[in-house]
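Worksheet: one structure, shown below.
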Amino acid sequence: MLCRTSDELQRYVERSKEWTKKGKVADYIPALGKENPDDLSIAIHYPSGECVSAGDIKKKFTLQSISKVISLAFVLMDKGKDFVFDRVGMEPTGDPFNSIAKLETMAPAKPLNPMINAGALVVTHMINGDSTEERLQRLLSFVQDLTNDQSVTYNKEVAQSEYETADLNRSLIYFLKQHGIIDEDVEQLIDLYSKQCSIEMNCLNLARIGAVFAMDGADPQTGKQLIPSDVSRICKTFMVTCGMYNASGEFAIKIGIPAKSGVSGGIMGSVPGRFGIGIFGPSLDEKGNSIAGIRLLELLSKDYQLSMF
Ligand SMILES: NC(=O)CC[C@H](N)C(=O)O
């Protein structure tokens with residue numbers, strides 16, 4: 001799909017870019033540490049098919065936690081709401097995304113929501129399929145439909161790097177296994193989750209997924225319902241309440257759009273009924289969100305009245 005570069009959007013990128021210096025690229029997954037902290041790009045995808053962009057929008061990055069919204073939509077379609085929400089909750093935690101603390105204080109030990117790692121691991125565990133390979137391929141094909149790009153796949157190097165260093169996530173699975181929430185081989189689930197988080201795309205692809213959510217699950221070009229509208233609504237609600245980790249409250253006040261970030265520096269935004277946004281800016285703030293990406297959204301939200309509140 002063609003995406004027109006916009007001078008106006010470019011000016012917003014320039015104004016936000018100085019913030020990249022105040023953050024840091026994530027390196028707890030070693031392969032992510034190679035990114036250039038100065039990068040900042042954005043694409044906006046309208047339901048009409050029109051697309052405007054600024055920055056190096058061809059640059060690919062991995063979804064990381066952004067994949068949690070997609071896998072949630074997918075398992076809600078696979079298993080239905082009752083099954084899913086019997087195993088993962090609907091409440092924000094106020095804790096960092098990889099925290100184990102609340103699991104121990106809650107009874108039953110079900111993760112509070114699907115956007116923290118513990119909850120996302122339960123969600124990935126629920127993806128239907130006879131083998132890890134089949135579950136991954138089913139998820140990938142869903143992402144290819146959302147992006148309308150059959151070339152989308154996962155980055156093997158990032159997946160391997162996460163697999164080798166995911167001991168905190170392993171410990172979350174062991175805990176959940178002990179409490180009967182997960183019933184799967186730990187290494188198998190870590191393998192699938194690492195590949196899910198390593199699904200790779202550019203801002204354009206990401207903006208298109210944001211547009212699908214913005215249009216209540218309908219494909220912006222064909223109108224085909226890729227995600228049932230009630231599932232899309234649930235996902236957008238989680239994006240508002242937990243999408244930016246423990247910065248979601250401040251984000252809702254200052255920006256006010258459903259959004260999901262990942263430690264790669266990606267942010268997917270979804271302005272209900274209007275358009276989808278894809279941002280890549282790998283320099284992160286202390287909570288793990290793209291520091292310049294948030295600044296960029298703040299400027300846009302203010303000038304174009306994007307807040308839904
Ligand atoms: N916040 C994130 O993007 C975290 C995703 C990452 N793959 C992890 O599990 O640690």
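What you see is a predicted model, and the numbers here were worked out from it, not measured in a lab. Both counts, for ligands and for their atoms, begin at 1 and track the order of listing.
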Would you mind writing out a table of all protein N or O atoms found under 3.5 Å from any N or O atom of ligand 1, naming both atoms and giving the distance to 0.1 Å?
{"from": "ligand 1", "atom 1": "1 (N)", "to": "Ser65", "atom 2": "OG", "distance (Å)": "2.8"}
{"from": "ligand 1", "atom 1": "1 (N)", "to": "Tyr245", "atom 2": "OH", "distance (Å)": "2.8"}
{"from": "ligand 1", "atom 1": "3 (O)", "to": "Ser65", "atom 2": "N", "distance (Å)": "2.9"}
{"from": "ligand 1", "atom 1": "3 (O)", "to": "Ser65", "atom 2": "OG", "distance (Å)": "2.8"}
{"from": "ligand 1", "atom 1": "3 (O)", "to": "Tyr245", "atom 2": "OH", "distance (Å)": "3.4"}
{"from": "ligand 1", "atom 1": "3 (O)", "to": "Val263", "atom 2": "N", "distance (Å)": "2.8"}
{"from": "ligand 1", "atom 1": "7 (N)", "to": "Gln64", "atom 2": "OE1", "distance (Å)": "2.6"}
{"from": "ligand 1", "atom 1": "7 (N)", "to": "Glu162", "atom 2": "OE1", "distance (Å)": "2.8"}
{"from": "ligand 1", "atom 1": "7 (N)", "to": "Glu162", "atom 2": "OE2", "distance (Å)": "2.8"}
{"from": "ligand 1", "atom 1": "9 (O)", "to": "Asn117", "atom 2": "ND2", "distance (Å)": "3.0"}
{"from": "ligand 1", "atom 1": "9 (O)", "to": "Glu162", "atom 2": "OE2", "distance (Å)": "3.4"}
{"from": "ligand 1", "atom 1": "9 (O)", "to": "Asn169", "atom 2": "ND2", "distance (Å)": "3.0"}
{"from": "ligand 1", "atom 1": "9 (O)", "to": "Tyr193", "atom 2": "OH", "distance (Å)": "2.8"}
{"from": "ligand 1", "atom 1": "10 (O)", "to": "Tyr28", "atom 2": "OH", "distance (Å)": "2.5"}
{"from": "ligand 1", "atom 1": "10 (O)", "to": "Asn117", "atom 2": "ND2", "distance (Å)": "3.4"}

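Between the side chain of Asn289 and the backbone N or O of Met244 there is at least one donor-acceptor pair closer than 3.5 Å. Here the side chain of Gln137 pairs no donor or acceptor atom with the backbone of Glu133 at under 3.5 angstrom.
Side chains of Gln221 and Arg208: a donor-acceptor N/O pair is present below 3.5 angstrom, by distance only. At a cut-off of 3.5 Å, with distance as the only test, a side-chain donor of Asn117 or Lys68 sits close to an acceptor on the other residue.
Using cut-offs of 30° and 60° on the angle between ring planes, the pair Tyr245 and Phe97 is tilted.
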Would you tabulate the side-chain donor-acceptor contacts of residues 17-32 under 3.5 Å, counting partners in other chains and residues two or more places apart, or write 'none'?
{"from": "Thr20", "atom 1": "OG1", "to": "Lys17", "atom 2": "O", "distance (Å)": "2.7"}

